[in-house]
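Please read the structure below before turning to the comments.
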Amino acid sequence: MSDAESALPSDLDRNAVQTALVEWYEADHRDFPWRRTDDPYEILVSEVMSQQTQLGRVVEAWDAFLDEWPTVADLAAADRADVVAFWTSHSLGYNNRAKYLHEAARQVTEDHDGSFPEDPDGLSELMGVGPYTANAVASFAFNNGDAVVDTNVKRVLHRAFAVPDDDSVFEMAASELMPAGESRVWNNAIMELGGVACGKTPTCDESGCPWRQFCHAYETGDFTAPDVPTQPTFEGSRRQMRGRVVRILGEYDELRLGELGPRVRVDYGGDTGEEWLRGLVEDLASDGLVTVDDERDEIRVSLAK
DNA sequence: ATCCTGAAGC
DNA sequence: GCTTCAGGAT
């Protein structure tokens, strides 16, 4: 259980490490609106939007989303098509996440009598809520989570304390470092550190990083970060075309395949003609995002209700 | 292990 | 142009 390779702070230093970070965070941090609420629904919406999307781009969408569906019951009662269309029109990407969020709202309303589970295990049962989001919502809504482990936390722990690039080790280290019973401020603070001071290009001195005196990377000058899987080129990809289909269907009630095609790509036809589009749309249908209505010789496509 | 998405950052 | 961004489902 003990960590021979990494240099997690000793019991003696841990308190100083914890205090330094919390004081740094409380002295000054970005004032995102979801940091001013403890409503689990509002927190969940912000977390799902924030997955793989820069926080600054989330603010406007978060406001508009809660304006449209102010409570979890409102969202549960909405049509999935409207939620997916909203998601796409606000450029949030990953429209599967809109479907998951809608489904999670339905779970809370129907399976939990309208009130959220208050611990990570219970929250994990909600659709689209994995280990990170479960701990984030438990922390920020109920101050009742364990340490979150996201790319920010991994990067910080790897640099500061030489925690090896291994998920289960990151989890143990993060958990050991968190002051008990302070998940709300702690998880906010450590992710703020990763987002502001210890990003890909660290700004230790400019940001007044509170861990400089403890930091392995600051001492050695090696700011190597854990590997993040690189993505294939987006331009021209199938993923891009899926995104276009969903965006277009968000603008029309229903389209025939032949009407949809030219709007998806100007060179619609040939190798990327009806056959190709049909496959694309069928994939989206199995993801529950669109409905394909195949009647007679006309194939009609729309966002799934 | 692969797929999902789009824009800012560099 | 390529990488990165508060991950999760299958």
Side-chain angles (χ1 to χ4, degrees), chain A residues 25 29-30 32-35 42-62 84-104 120 123-141 145 147-157 167 170-171 174 183-184 186-196 198-203 225-248 250 264 279-280 283-290:
Chain A
Y25 175 76
H29 56 78
R30 294 171 294 176
F32 295 113
W34 47 86
R35 284 178 170 168
E42 299 185 358
I43 302 282
L44 178 63
V45 172
S46 80
E47 290 302 334
V48 174
M49 286 184 173
S50 300
Q51 294 168 10
Q52 323 270 284
T53 303
Q54 287 91 337
L55 297 191
R57 283 206 292 130
V58 169
V59 177
E60 202 178 330
W62 186 79
V84 171
F86 175 100
W87 209 262
T88 299
S89 71
H90 287 74
S91 300
L92 290 169
Y94 297 90
N95 40 53
N96 260 319
R97 293 181 340 214
K99 186 188 72 177
Y100 296 153
L101 185 54
H102 180 242
E103 172 65 14
L123 288 161
S124 295
E125 292 175 15
L126 301 179
M127 189 63 62
V129 177
Y132 165 77
T133 307
N135 281 122
V137 175
S139 298
F140 304 147
V148 299
V149 178
D150 69 343
T151 56
N152 281 317
V153 173
K154 290 181 188 176
R155 189 172 57 248
V156 166
L157 294 178
D167 284 350
F170 279 129
E171 232 172 272
S183 60
R184 177 179 286 138
W186 179 259
N187 285 322
N188 267 315
I190 195 167
M191 287 195 288
E192 182 77 356
L193 188 69
V196 169
C198 199
K200 180 171 179 60
T201 307
T203 55
D227 285 331
V228 294
T230 65
Q231 296 181 359
T233 309
F234 180 67
E235 191 60 31
S237 66
R238 186 175 183 83
R239 287 156 50 208
Q240 182 183 40
M241 299 306 155
R242 282 174 54 110
R244 285 186 186 170
V245 168
V246 173
R247 177 175 50 73
I248 293 159
V264 174
L280 194 64
D283 276 359
L284 285 163
S286 23
D287 286 349
L289 291 169
V290 311

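All heavy atoms count here, side chains included; hydrogens, waters and symmetry mates do not. Remember, it's a predicted structure, so these values are computed and weren't measured experimentally.
In this model, a donor atom of one side chain and an acceptor atom of the other lie less than 3.5 Å apart for A:Glu47 and A:Tyr132.
The distance between atom NZ of A:Lys99 and atom P of C:dA9, rounded to the nearest whole Å, is 11 Å. Between the C1' atom of B:dA8 and the CG atom of A:Leu92 lies a distance of 14 Å, rounded to the nearest Å. In this entry the distance linking CE of A:Met49 with P of B:dG6 reads 15 Å, nearest Å. Here the P atom of nucleotide B:dG6 and the CG atom of A:Asn96 are 12 Å apart, to the nearest Å. Atom CG of A:Leu101 and atom P of C:dA9 are 12 Å apart (whole Å). Distance, A:Arg242 CZ to B:dC3 P: 11 Å, rounded to whole Å. The CG atom of A:Asp227 sits 14 Å away from the P atom of B:dA1 (whole-angstrom rounding).
Within the 4.0 angstrom heavy-atom criterion, only backbone atoms of the sugar-phosphate kind lie near A:Leu289; the bases stay farther away.
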How far apart are the C-alpha atoms of A:Trp87 and A:Arg97, what are their side-chain angles, what is the distance that settles it, and do they pass the side chain to side chain contact (heavy atoms under 4.5 Å, CB included) test?
CA-CA 9 Å; A:Trp87 209 262; A:Arg97 293 181 340 214; 3.9 Å; yes
Please report the C-alpha distance between A:Lys99 and A:Asn96 in whole Å, then the side-chain angles of each, then the deciding distance to 0.1 Å, and finally whether the side chain to side chain contact (heavy atoms under 4.5 Å, CB included) criterion is met.
CA-CA 5 Å; A:Lys99 186 188 72 177; A:Asn96 260 319; 3.6 Å; yes
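Between B:dC4 and C:dT4, the two C1' atoms lie 16 Å apart (nearest whole Å). The separation of C:dA6 from B:dG9, taken at their P atoms, amounts to 12 Å, rounded to a whole angstrom.
Residues passing the side-chain contact (heavy atoms from CB on, under 4.5 Å) test with A:Ala138, sequence neighbours excluded: A:Pro120, A:Leu123.
Residues A:Thr201 and A:Asp287 each lie close to DNA chain B; by heavy-atom proximity, the contact nearer the 5' end of the strand is made by A:Asp287.
A distance of 10.0 Å separates OG of A:Ser46 from CD of A:Gln51, quoted to the nearest 0.5 Å. Between the CG atom of A:Asp167 and the NZ atom of A:Lys154 there is a distance of 4.0 Å, given to the nearest 0.5 Å. Atom CG of A:Asn188 sits about 9.5 Å away from atom OG of A:Ser183, to the nearest 0.5 Å. With rounding to the nearest 0.5 angstrom, the OH atom of A:Tyr100 is 14.0 Å from the CG atom of A:Leu44.
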For DNA chain C, the expected dot-bracket line (Watson-Crick or G-U under 3.5 Å, [ ] crossing, | inter-strand) is |||||.||||
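Base orientation of B:dA7: anti, the glycosidic angle falling outside 90° of 0.
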Which letter, B, S or -, goes with each nucleotide of nucleotides 3-8 of chain C from 5' to 3', with contact meaning a protein heavy atom under 4.0 Å?
-BBBBS
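For the pair A:Asp150 (side chain) and A:Asn152 (backbone), a donor-acceptor distance under 3.5 Å is present.
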